[in-house]
Amino acid sequence: MARWWGGEGRGGSGTPVVVKMESPERVAAGRTDSDDAAAAPPGESPALRARFHGFLRAFLLLSVLLLAVDVAAHAQGWHAVVPDLLAVEGLFAAAYASWLRVRLEYLAPGLQFLANACVVLFLIQSADRLILCLGCLWIKLKGIKPVPKASGGGGGGKGSDDVEAGADEFPMVLVQIPMCNEKEVYQQSIGAVCNLDWPRSNFLVQVLDDSDDAATSALIKEEVEKWQREGVRILYRHRVIRDGYKAGNLKSAMNCSYVKDYEFVVIFDADFQPQADFLKRTVPHFKGNEDVGLVQARWSFVNKDENLLTRLQNINLCFHFEVEQQVNGVFLNFFGFNGTAGVWRIKALEDSGGWMERTTVEDMDIAVRAHLKGWKFLYINDVECQCELPESYEAYRKQQHRWHSGPMQLFRLCFVDIIKSKIGVWKKFNLIFLFFLLRKLILPFYSFTLFCIILPMTMFVPEAELPAWVVCYIPATMSLLNILPAPKSFPFIVPYLLFENTMSVTKFNAMISGLFQLGSAYEWVVTKKSGRSSEGDLVSLVEKQPKQQRVGSAPNLDSLAKESHPKKDSKKKKHNRIYQKELALSFLLLTAAARSLLSVQGIHFYFLLFQGVSFLVVGLDLIGEQVE
């Protein structure tokens, strides 16, 4: 054990986020999202989904009917004033006058109250976003960042070049690679981890294979055996009974008897490729900081420019790491563990109760429990770990569903623990109001309700109003702030604003399912990787590495370079899904846009028009890539 590292321990561990990557690009053979009802999770209720679809259809039909009525009324030259219509004879005029009274006396007040409430929530969330940006600016101006304490041995800072000479100065590190049917990336991820610059006697690699495909498991096991022959301390573990999914996999691995010999555990998702100096730049931050339980690195994305969908995801995640994680790490010493590319002190995991399978966001679960125990977190913004972004909308939609339903599950489970904990009142307020309610519940609620329901309703009930600054100016300002950490994405600011509102229906649905424990809240599917997360790095290695130096048991980089340029004639059959909720909302917004022309709403028309087109594009699955 390293001489300057205090505390030994054993315990749980952290877990990566995974999602199912299905497919999508041109409309050819469309399949509706309801086609997968048979494959839905056991707890999923088709009746609940049908009710939601029915509500949207009824809402759409009502809006079309109201549009027809308003068009007919305007064709008659009537103005929306009840006394003028009383002098007009006819059944239609009487009915229209009655509708105006109901609209004015009953519908408008309630709709205006709901609109005002959502606007208040919108302003609070915008203020939170602005404060985060100001905090990030302060960090940049002051040059604030975690700096490891100096060390006489190779473990401090970037360390000495000869790590083997001072192996006693390096703590014992356990590296875990959880995977499940990851045949596209297993070779590259294992190779990257085995090449970490750390004394081989001081780190052990666990390949935690939960694959249910025998062929994939055989390939992964063979790759592990290759690296074993190279002298790397690496073990292959395969579970037959896959209880608890990723959390169960990591929990099982941490129960091994030899874990007691290790002080830290590092988790890498299957598509993550750490740089060789990753451990040297993260582990030293624990030195002399006995209350630090987690050091989190930043993600970078090899396929961020692959298509419009990955570009928009990159904007969100750049803001998450550059602003949210960094500001919370510097000022609060707490943030949500990202599930991968992080180093845990095993003692902190053990003290926090280890891994639990009670939610689909076990990484956030362990982070909250560790925070309640008083452990501090450090975020290292200049240490990056390369990975992939989902390239299809189907994969991204499933990912976002889990990321927004899981926190609500966790909030229900840990609310009482937060209240009873011994942490300070400010930390409790931050956890309950900012971390959970504002950023996980209020954000998807007002985003969907305000822009997808209330705004189009105000077109049919013009007595209730949403000012232009709510519809345009503040959302544009917030989008501009979000895009600042990724300045090259500035040309995509308008698509980003529209797409975020489009995703609100998925996030709102996920938030409700998690909050009320509906069946889809427990959905867990694995993302199919494309292998892009390591193509660039490994192909570049081919160019630098002389062929005679390649050892037979090392990954075949030459063949990988050839495979990175697939034959153009090998075409796969592709298809588009049809997303009914998005299509229904698209027609609703376009109908509201047409109605807004009758009232000369100005900016409201353009917003509803472009937002409706955005929903139409997503509903027809025209964003992102299609996979076989």
Side-chain angles (χ1 to χ4, degrees), residues 50-120 122 445-472 501 504-505 508 580-613 615-616:
R51 284 193 208 107
F52 188 58
H53 285 168
F55 168 76
L56 290 179
R57 291 192 194 101
F59 199 24
L60 174 60
L61 290 174
L62 178 61
S63 66
V64 172
L65 176 62
L66 292 178
L67 175 61
V69 170
D70 284 329
V71 169
H74 278 69
Q76 296 291 333
W78 297 338
H79 299 287
V81 182
V82 177
D84 292 343
L85 290 176
L86 294 179
V88 181
E89 297 182 356
L91 181 62
F92 179 69
Y96 191 66
S98 299
W99 159 242
L100 290 182
R101 286 197 197 92
V102 170
R103 202 171 74 182
L104 180 63
E105 297 176 10
Y106 300 102
L107 297 182
L111 183 59
Q112 189 67 62
F113 174 80
L114 185 58
N116 292 341
C118 286
V119 168
V120 170
F122 182 31
F445 171 79
Y446 86 73
S447 183
F448 173 73
T449 307
L450 185 61
F451 295 109
C452 299
I453 301 297
I454 294 177
L455 177 58
M457 285 182 67
T458 58
M459 298 300 102
F460 300 102
V461 186
E463 292 81 3
E465 297 180 350
L466 275 179
W469 57 268
V470 173
V471 177
C472 178
N501 288 334
S504 66
V505 61
F508 177 81
Q580 297 179 9
K581 293 191 294 290
E582 285 79 358
L583 283 180
L585 285 168
S586 168
F587 296 137
L588 170 64
L589 291 169
L590 292 176
T591 303
R595 173 60 181 83
S596 71
L597 290 176
L598 302 179
S599 303
V600 195
Q601 292 288 344
I603 196 67
H604 296 71
F605 165 74
Y606 293 105
F607 181 87
L608 289 166
L609 175 63
F610 291 128
Q611 192 64 69
V613 172
F615 269 101
L616 183 63

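Excluded from the calculations below are hydrogen atoms, water molecules and symmetry mates; all remaining heavy atoms, backbone and side chain alike, are included.
In this structure, Ala464 and Thr458 approach most closely via the heavy-atom pair O-CB, 3.4 Å. Among all heavy-atom pairs drawn from Ala593 and Leu609, the shortest one is CB-N, 3.8 Å. The shortest heavy-atom contact between Leu588 and Cys452 is CD2-O, 3.9 Å. Across all non-hydrogen atoms, the minimal contact from Leu104 to Pro109 is O-CD, 3.6 Å. Across all non-hydrogen atoms, the minimal contact from Ala115 to Ile454 is CB-CG2, 3.7 Å. For the residue pair Phe448 and Val505, the shortest heavy atom distance occurs at CD1-CA, 3.8 Å.
Of the inter-residue distances, the one linking Leu466 atom CG with Cys118 atom SG reads 9.0 Å to the nearest 0.5 angstrom. A distance of 8.5 Å separates CD1 of Ile453 from CG of Leu589, quoted to the nearest 0.5 Å. Note that OG of Ser504 is 12.0 Å distant from CZ of Phe445, once rounded to the nearest 0.5 Å. Rounded to the nearest 0.5 angstrom, Leu100 CG and Glu463 CD are separated by 7.0 Å. Here the CZ-CZ distance, from Arg103 to Phe460, works out to 10.5 Å after rounding to the nearest 0.5 Å. Residue Phe615 holds its CZ atom at 7.0 Å from CG of Asn501, rounded to the nearest 0.5 Å.
For Gln112 (side chain) and Glu465 (main-chain N/O), a donor-acceptor pair under 3.5 Å exists by modelled atom type. No side-chain donor-acceptor contact under 3.5 Å links His604 to the backbone of Ala592. Side-chain N or O atoms of Ser586 include none that pairs as donor or acceptor with a backbone N or O of Glu582 at under 3.5 Å.
In this structure, Leu107 and Trp99 have side chains that are in contact, with non-hydrogen atoms separated by less than 4.5 Å.
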Could you please spell out the steps behind the side-chain contact (heavy atoms from CB on, under 4.5 Å) verdict for Leu608 and Leu590?
CA-CA 6 Å; Leu608 289 166; Leu590 292 176; over 6 Å; no
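Under the rule for a ring-ring contact (aromatic ring centres under 6.0 Å, His included), the partners of Phe122 that lie at least two apart in sequence or sit in another chain are Tyr446, Phe451.
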